[in-house]
Participant: 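Submitted below is the structure of interest, expressed as C-alpha cells.
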Amino acid sequence: MRIIIAGGDGFCGWPTALHFSERGHEVAIVDNCIRREWDKELGTRSLTPIATIQERLAAWKEITGKDIKLYYGDLQDYAFVRHVFEDFQPEAFVHFAEQRSAPYSMIDRDHAVFTQVNNVVGTLNVLFAIKETVPDCHLIKLGTMGEYGTPNIDIEEGYIRIQHKGREDVLPYPKQPFSFYHLSKVHDSHNIMFTCKAWGIRATDLNQGVVYGLWTDETRRDERLYNRVDYDGVFGTALNRFCVQAAVGHPLTVYGKGGQTRAFLDIRDTLQCIELAALHPADRGEFRVFNQFTEQFSVLQLAERVQKVAREMGLEANIEHLPNPRVEKEEHYYNAVHTKLLDLGLKPHYLSDELIRELIETAMRYRDRVDFDVIRPKVTWR
Ligand code: NAD
Ligand code: USQ
C-alpha cells in the first residue's frame, strides 16, 4: 500500500513509518520537525539521543535497503499539502502531525491559539487535499480519549444511542475535553465527520489513550533509529515520566490524589492499531471511530506499579502528591468501551513489569541527559 505517515518524525509516527516500511509498504513521511523546535523553546530534549530525520532515513536505507520518502513541510501550508497528495497518490494518510501536549496548549493565549490553528488548519488542509486530488484516500486520524472527558456513564466508541421524548437516534458521543489541545481534537473530529457526509471522504478517527513504552522491533535495531522519550513536565506523559523519575532518583509526580483514571496502551499496540485500520479501510462517506487503548489505570496505580518494580531494582522511588496543576476530577467513574480494534484482530501487549524495568534501565543508561529542572509541572490550568 502507498501510505503517508504525517508526523513521522515524532514519538508515534517514527516507529509507525518503520513498521509499515518493514512490511513492504511504500511509505512517505510528512513532517516539518517543529517538535524539535518546541524542545528548544522549553529547554528540554528527549531522554534518548535521536538522530536528525535525514540521518534516521539514511540509516534505515543502509540497514534494510528500503526507502522512505520525506516531504519536509508544514500541513498549514496548503500548496505543500496538495503537492504531497498529487505527487505520492496515497491510498492511506495517517495523521499524527499535530501539537499534542495539553500543558503546552495551556501555557498562554499564544500557545492555545497556535495549538488550535496548527491542528485544525492542518487537518482541514488534509481534508481539502483528499477531496481535490485523491478522493479515495483513507484518512486515519489520531484523535484522543480525552475528547470524551470523564462522564459518569460508560464511554462508547464514538457514538451513543439516545432516546429523547419518545424518539431515538444514534448521535456523536458528548465531548467534554480536558484542555485547549484536547479541544482541538474535538474540532478536528467535527470537521472530519462533516466532510465524510458532505464529500464522501473515508475516515477513521482513532481516539487513542496515553501511549507508554519506547522500543519496537525496528527502532531497537540501531542507535540512529532510536525513538524519542519525553520526560519533561510539558510533553512527558504519565507512565514514561514515572519510569524516568524512578531511574534518576526524582520523586514520582502524582498530581493531586492520583485517582484520575485514563486509558493506556503500549506503543507497539499503536503500530498494530494503525496497521489494522489501514488494512480494513472505512467505506466512502463513513466516519468510523475506534477507541484505541488496551487498559485503564488511575495515575496512582501506575505510580505504585513503577514504585514496586523500581524497589525490586534497589531504587527508592518515593511518590509525591503535588498540587494538581490541571483542572480535572481526581476521583471519578471511568469505563470506556474498546472492542472495535480487538474485533479487527488487535493482540494487546498488556502493561508488564518487564516493560517498566526496561524503561527504567534505559533511563538509567541515559541519566546524564536528564535535567531535573524540567521535570516538575510549571504550566497551570487556572
Ligand atoms: P509528537 O509531538 O512526538 O509528534 C508529532 C509530530 O508532528 C512531530 O514530529 C511534529 O514535528 C509534527 N508536526 C506537528 N505539527 C505539524 C505541522 N503543522 N506540519 C507538519 N508536521 C507537524 O507526538 P506523538 O506523541 O507522536 O503523537 C502523535 C499523535 O498522536 C498526535 O496527534 C497526538 O495527539 C496523538 N496521540 C498521542 C498520544 C501520546 O500519548 N503520545 C496519545 C493519544 C493521541
Ligand atoms: N499526571 C500526573 N503526573 C504526571 C503527569 C501526568 O499525575 O507527572 C496525570 C495528569 O494530571 C492526567 C493524567 O496523568 O490526569 C494523564 O496526563 P498525561 O500528561 O500523561 O497525558 P495527557 O495530558 O492526557 O496527554 C497525553 C498525550 C496526548 C494524548 C492524551 C491521551 O500527550 O497527546 O491525546 O495523552 S488521553 O489522555 O486519553 O486524552
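Side chains are part of it too, since the values below use all heavy atoms of this structure and drop only hydrogens, waters and symmetry mates.
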Participant: Decide, yes or no, whether a salt bridge links D283 with R202 under the criterion of side-chain N to carboxylate O below 4.0 Å.
Facilitator: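 Salt bridge absent between D283 and R202.
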
Participant: Can the ring centres of Y173 and Y148 be said to be less than 6.0 Å apart?
Facilitator: yes

Participant: Which of parallel (below 30°), tilted (30 to 60°) and perpendicular (above 60°) describes Y104 and F235?
Facilitator: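 Plane angle between 30° and 60°, so tilted.
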
Participant: Check whether any side-chain heavy atom of R100 sits under 4.5 Å from a side-chain heavy atom of R35, and report yes or no.
Facilitator: yes

Participant: Indicate whether any N or O donor in one side chain lies under 3.5 Å from an N or O acceptor in the other, for Y78 and E132.
Facilitator: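 Side-chain D/A pair, Y78 to E132: present.
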
Participant: Supply the atom-to-atom distance K308 NZ to I356 CD1, rounded to the nearest 0.5 angstrom.
Facilitator: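 With rounding to 0.5 Å, NZ (K308) is 7.5 Å from CD1 (I356).
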
Participant: For side-chain contact (heavy atoms from CB on, under 4.5 Å), just list the numbers for L302 and L239, CA-CA rounded to whole Å, side-chain angles, deciding distance to a tenth of an Å, and then say yes or no.
Facilitator: CA-CA 6 Å; L302 282 182; L239 182 77; 3.9 Å; yes

Participant: Would you give the length of the straight line joining atom CG of L70 to atom CG of D9, rounded to the nearest 0.5 angstrom?
Facilitator: 8.5 Å

Participant: Under 4.5 Å between any side-chain heavy atoms of N291 and L341, yes or no?
Facilitator: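 No - every pair of side-chain heavy atoms lies 4.5 Å or more apart.
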
Participant: Which heavy atom of F20 sits nearest to which heavy atom of I5, and what is that distance?
Facilitator: CD1-CD1, 4.2 Å

Participant: Would the distance check show the side chain of Q245 and the main-chain N or O of T253 forming a donor-acceptor pair, the cut-off being under 3.5 Å?
Facilitator: yes

Participant: Check each of T195, L139, I192 against F287 using the side chain to side chain contact (heavy atoms under 4.5 Å, CB included) test, and report the only one that passes.
Facilitator: I192

Participant: Would you say the rings of F128 and W199 are close, in the sense that their centroids are separated by under 6.0 Å?
Facilitator: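 Ring-ring flag for W199/F128: true, centres closer than 6.0 Å.
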
Participant: Answer whether the closest heavy-atom distance between the side chains of E330 and Q260 falls below 4.5 Å.
Facilitator: yes

Participant: Are Y226 and W215 an aromatic pair by the rule of ring centers under 6.0 Å?
Facilitator: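 Ring centroids of Y226 and W215 are less than 6.0 Å from each other.
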
Participant: Please confirm whether R56 makes a cation-pi placement over W14, using NZ or CZ under 6.0 Å from the six-membered ring centre and within 45° of the ring normal.
Facilitator: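 Here R56 passes the 6.0 Å and 45° test against W14.
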
Participant: Assert yes or no for the condition that the ring centre distance of H250 to F372 is strictly below 6.0 Å.
Facilitator: yes

Participant: Could you see if W38 belongs to whatever hydrophobic cluster contains V30? Use Ile, Leu, Val, Met, Phe, Trp, Tyr and a side-chain cutoff under 4.5 Å.
Facilitator: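 Different clusters.
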
Participant: For the residue pair D74 and V81, establish whether any side-chain heavy-atom pair is separated by less than 4.5 Å.
Facilitator: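 No, their side chains stay 4.5 Å or more apart.
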
Participant: For a side-chain hydrogen bond (donor to acceptor under 3.5 Å, both in side chains) check, start with the C-alpha distance between T219 and N227, then their side-chain angles and the critical distance, and finish with the verdict.
Facilitator: CA-CA 6 Å; T219 55; N227 198 2; 5.8 Å; no

Participant: Can a side-chain donor-acceptor contact be found between T115 and Q99 if the only test is distance below 3.5 angstrom?
Facilitator: yes

Participant: Inspect the contact between K185 and E98 and indicate whether a charged nitrogen and a carboxylate oxygen are less than 4.0 angstrom apart.
Facilitator: yes

Participant: Is E218 salt-bridged to R268, going by a charged N under 4.0 Å from an acidic O?
Facilitator: no

Participant: Measure the CD1-CH2 distance between I68 and W60 for me, rounded to the nearest 0.5 Å.
Facilitator: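 The distance works out to 6.5 Å.
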
Participant: Would you say CZ of R167 has more than 12 non-hydrogen atoms from neighbouring residues, nucleotides or ligands within 6.0 angstrom?
Facilitator: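 Not buried by this count: 12 neighbours or fewer within 6.0 Å.
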
Participant: Could you tell me the separation between the CG atom of N152 and the NE2 atom of H332, rounded to the nearest 0.5 Å?
Facilitator: 10.5 Å

Participant: Given side-chain hydrogen bond (donor to acceptor under 3.5 Å, both in side chains), test D87 with Y71 step by step and report yes or no.
Facilitator: CA-CA 10 Å; D87 191 57; Y71 293 96; 2.6 Å; yes

Participant: For the atom pair CZ (F93) and NZ (K141), what is the distance rounded to the nearest 0.5 Å?
Facilitator: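 Output value for this atom pair is 10.5 Å.
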
Participant: Check whether W381 and Y255 end up in the same hydrophobic cluster, where Ile, Leu, Val, Met, Phe, Trp and Tyr are linked by side-chain heavy atoms less than 4.5 Å apart.
Facilitator: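 As far as the 4.5 Å side-chain criterion goes, Y255 and W381 are not connected within one cluster.
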
Participant: Hey, are H182 and S179 close enough side-chain-wise for a donor-acceptor pair under 3.5 Å?
Facilitator: yes

Participant: When clusters are formed by joining ILVMFWY residues with side-chain heavy atoms under 4.5 Å apart, either directly or through shared neighbours, do V126 and F96 land in the same one?
Facilitator: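 As far as the 4.5 Å side-chain criterion goes, F96 and V126 are not connected within one cluster.
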
Participant: Could you report the tightest heavy-atom contact between F293 and A336, atom names first, then the distance?
Facilitator: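 Taking F293 first and A336 second, the nearest heavy atoms are CZ-O, 3.4 Å.
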
Participant: Above 12 or not: heavy atoms from other molecules or residues under 6.0 Å from CZ of F194?
Facilitator: no

Participant: So with a 6.0 Å cut-off around NZ of K378, is the heavy-atom count from everything else above 12?
Facilitator: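 Enclosed.
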
Participant: Quick check: closest heavy atoms across R262 and V210, and the distance to 0.1 Å?
Facilitator: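 Heavy atoms of R262 and V210 come nearest at CB-CG2, 4.4 Å.
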
Participant: Could you go through the side-chain hydrogen bond (donor to acceptor under 3.5 Å, both in side chains) check for E22 and T64 one step at a time?
Facilitator: CA-CA 8 Å; E22 177 65 20; T64 64; 5.7 Å; no

Participant: Are L359 and V254 co-members of a hydrophobic cluster defined by side-chain heavy atoms under 4.5 Å apart?
Facilitator: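 Yes, it is one cluster - the side chains of V254 and L359 are joined through contacts under 4.5 Å.
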
Participant: Is a side-chain donor-acceptor pair under 3.5 Å present for H138 with T204?
Facilitator: yes

Participant: Identify whether NZ of Lys or CZ of Arg in R2 sits under 6.0 Å from the centre of the six-membered ring of F88 and within 45° of that ring's axis.
Facilitator: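 R2 over F88 ring: yes.
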
Participant: Does CZ in F180 sit with more than 12 non-hydrogen atoms of other residues, nucleotides or ligands closer than 6.0 Å?
Facilitator: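 Counting neighbours around CZ of F180, 12 or fewer heavy atoms of other residues, nucleotides or ligands fall under 6.0 Å, so no.
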
Participant: Applying the 4.5 Å side-chain criterion to the ILVMFWY set and letting contacts propagate, would V309 and L300 be lumped into a single cluster?
Facilitator: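 Yes, one cluster joins them.
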
Participant: Once you round to the nearest 0.5 Å, how far does CD of Q272 lie from CD1 of I267?
Facilitator: 13.0 Å

Participant: Please lay out, stage by stage, how H19 and E275 fare under the test side-chain hydrogen bond (donor to acceptor under 3.5 Å, both in side chains).
Facilitator: CA-CA 9 Å; H19 181 83; E275 188 177 6; 2.7 Å; yes

Participant: So does E86 have more than 12 non-hydrogen atoms from other groups sitting under 6.0 Å from CD?
Facilitator: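 Yes.
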
